[in-house]
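Predicted model only: the values in this text are computed from it and were never measured. Just so it is clear: chains get the letters A, B, ... in the order the sequence lines come, proteins before strands, and each one is counted from 1.
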Amino acid sequence: MPLRVYNVLGRKKEEFKPIREGHVRLYVCGPTVYDHTHIGHAKLYVSMDIVVRYLRYLGYSVRYVQNITDVGHLLDSGEDRIVKGVRRERVEPMELVERFTRYYFRDMDALGVIRPDISPRASGHVPEQIALAQTLIDDGHAYEANGSVYFDVSSWPAYGKLSGRQVDEMESGARVAVLGEKRHAADFALWRKAEPDHILQWDSPWGRGYPGWHAECSAMASKYLGQPFDIHGGGLENMFPHNECEIAQSEAATGVPFANYWLLAGSLTIDGVKMSKSLGNSITIQDALKRWKPQVIRTLVLSTHYRNPLDFSETAIQATGRGWERINSTANRIRQQLRTAEEGEIDAGFASFLKEHRASFIEKMNDDFNSPAALGVLHDATHGINSHLSLPGSPSRGTLEAVDQLYSDLAGDVLGILTEEATGGASAEREAGLIELLLDLRSKARKDKDWVSADRIRDGLRKLGVAVEDRPDGAGWRIER
RNA sequence: GGCGACGUAGCCAAGUGGCAAGGCAGGGGUCUGCAAAACCCUCAUCACCGGUUCAAAUCCGGUCGUCGCCUCCA
């Protein structure tokens, strides 16, 4: 079964067909870097990370572009977001955005989110955004008014095709701030005139100003991916107006489609309510990482379909953590046993069990990246693997290698939820060797019924975060924290 | 007010016409020096009402409820 994705543009699942065979060009709206990243970002970018990882698993060559918004954009109060951060942190604007850009990457790295191939900064693409506005003016889709440039929604009948909104409906909405210089309430800024004290401003054909808040994505996506490109990802809450405006201005400027598939992720709530700084229930990724393993945070995100909302709660993440532990500890145990396994082929029946589960995992992921169902397959597989391994006798090297391959491909490469000790590394190897040396000593003590020594080793290891587990075929261990 | 999504066991969550995946928690066992882990067994007619159908959690209509967006955050 081929990969099918739910395309928000058209609101239905479609078979995914890239423009160029074997290649996928993907754009995802990135963060505004004026404050710390929070778990809402984690939900969105882990979701998109899975899309990228899975496409690569399928063999596609993916070019992933994600912007860094460092030019501000206005808050409700009329204040520029970057300016707000500058005031709070008492630094230069570029110092602020550099700082939070680094924090963003640091946090995403910690969560195992693979970096985009290109992370273009909006501030570095002002000429491209000016050119976009100019093209739209030249073609009659935009107009200049009092030093600002607005997109003329009435010139583009397709406006609203992504969100399903009608311009007329919005006009009646009393909450749309109507600027006197705009011809239509729904017209949006491509370029804004800057007041003299506005910190971030550039020269333009219309005087000093700064880009409108949708321009950067259009300009940078087409610059690095061409147009049309394959997939545009982002958060559902940005469908309107942001994504809608991107489409309108990009398609009006070029006459060709912007992106073929729109994949939008559901948002995150905390204990049932929206997370927002004003409500004071915002959790930064740094704080979350102090309490939970990054792999557990990822697993929580994956346990809900990316298009659905995720409710983050203490009970939810704890339950996820325990379930995750089963998969991770089994994967680790396989790694350990592989070190001392005896040569031997895999049993044919068990080989086909693994093969079926891999196929089933792929089938779920092919259905619009159904990670919760795929995770279910992994749990099923783990169940069967543990059953098989609890049979008398030591598993052969062939068996262990096949299981290790399954975990490493699906739980490791695609979902990114395995811990370090399951994936190797020089330091991990040494640590494992030391632990196993101690377990050797303990095994000798147990044989001599020297329970005091045996328990001293077990308790000592536990204090270091290593849990010892006795099994019929010898003692195993796993990292608990 | 407008647009949209959702409502499946104590909790989380797949499933879009044909006997309701999976995880957590709970109950009962096995193994074990003790412990932990693992294994075995067990635990739901799908918000409500009406309709279509041989057959509906799945389709249609209505009711109630929750959430999101329309305005800064992803």
**Q** Tell which nucleotide pairs with C72(B), taking only Watson-Crick or G-U wobble pairs whose two distances are both under 3.5 angstrom.
**A** none
**Q** Identify the residue among L3(A), V377(A), V414(A), L410(A) that makes a side chain to side chain contact (heavy atoms under 4.5 Å, CB included) with M365(A).
**A** V414(A)
**Q** Could you work out which one of A14(B), C73(B), C67(B) sits closest to the side chain of A373(A)?
**A**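 For the A373(A) side chain, the nearest candidate turns out to be A14(B).
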**Q** Treating primed atoms plus P, OP1 and OP2 as sugar-phosphate and everything else as base, which nucleotides of nucleotides 32-42 of chain B get B, S or - for protein heavy atoms under 4.0 Å?
**A** -BBBBSSSS--
**Q** For a quick check of understanding: with a heavy-atom distance under 4.0 Å over all strands, which category does L268(A) fall into, base, sugar-phosphate or nothing?
**A**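 Base contact - L268(A) has a heavy atom under 4.0 Å of at least one base atom.
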**Q** OP1 or OP2 of A74(B) versus the side-chain N and O atoms of H41(A): is any pair under 4.0 Å?
**A** yes
**Q** Under a 3.5 Å threshold, yes or no: a donor from one side chain and an acceptor from the other, between Y27(A) and D230(A)?
**A**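 No - no donor-acceptor pair under 3.5 Å links their side chains.
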**Q** With respect to the side chain of E237(A), which nucleotide from G68(B), G22(B), A13(B) is positioned closest?
**A**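 Taking heavy atoms from C-beta onward, the closest nucleotide is G68(B).
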**Q** Enumerate all atom pairs, one protein N or O and one N or O from nucleotides 15-17 of chain B, separated by less than 3.5 Å.
**A**
unit_1 : atom_1 : unit_2  : atom_2 : d
G15(B) : OP1    : N370(A) : ND2    : 3.0

**Q** Would you please name every residue forming a salt bridge (charged side-chain N to carboxylate O under 4.0 Å, His left out) with K13(A), sequence neighbours left out?
**A** D367(A)
**Q** Under 4.0 Å, heavy atoms only, any strand: does S267(A) hit a base, just the sugar-phosphate, or nothing?
**A**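 S267(A): base contact, heavy atoms under 4.0 Å.
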**Q** Should the pair H357(A) and F353(A) be assigned to parallel (<30°), tilted (30 to 60°) or perpendicular (>60°) ring geometry?
**A** tilted
**Q** What's the gap between A9(B) and G26(B) when it is taken at their C1' atoms, as a whole Å value?
**A** 12 Å
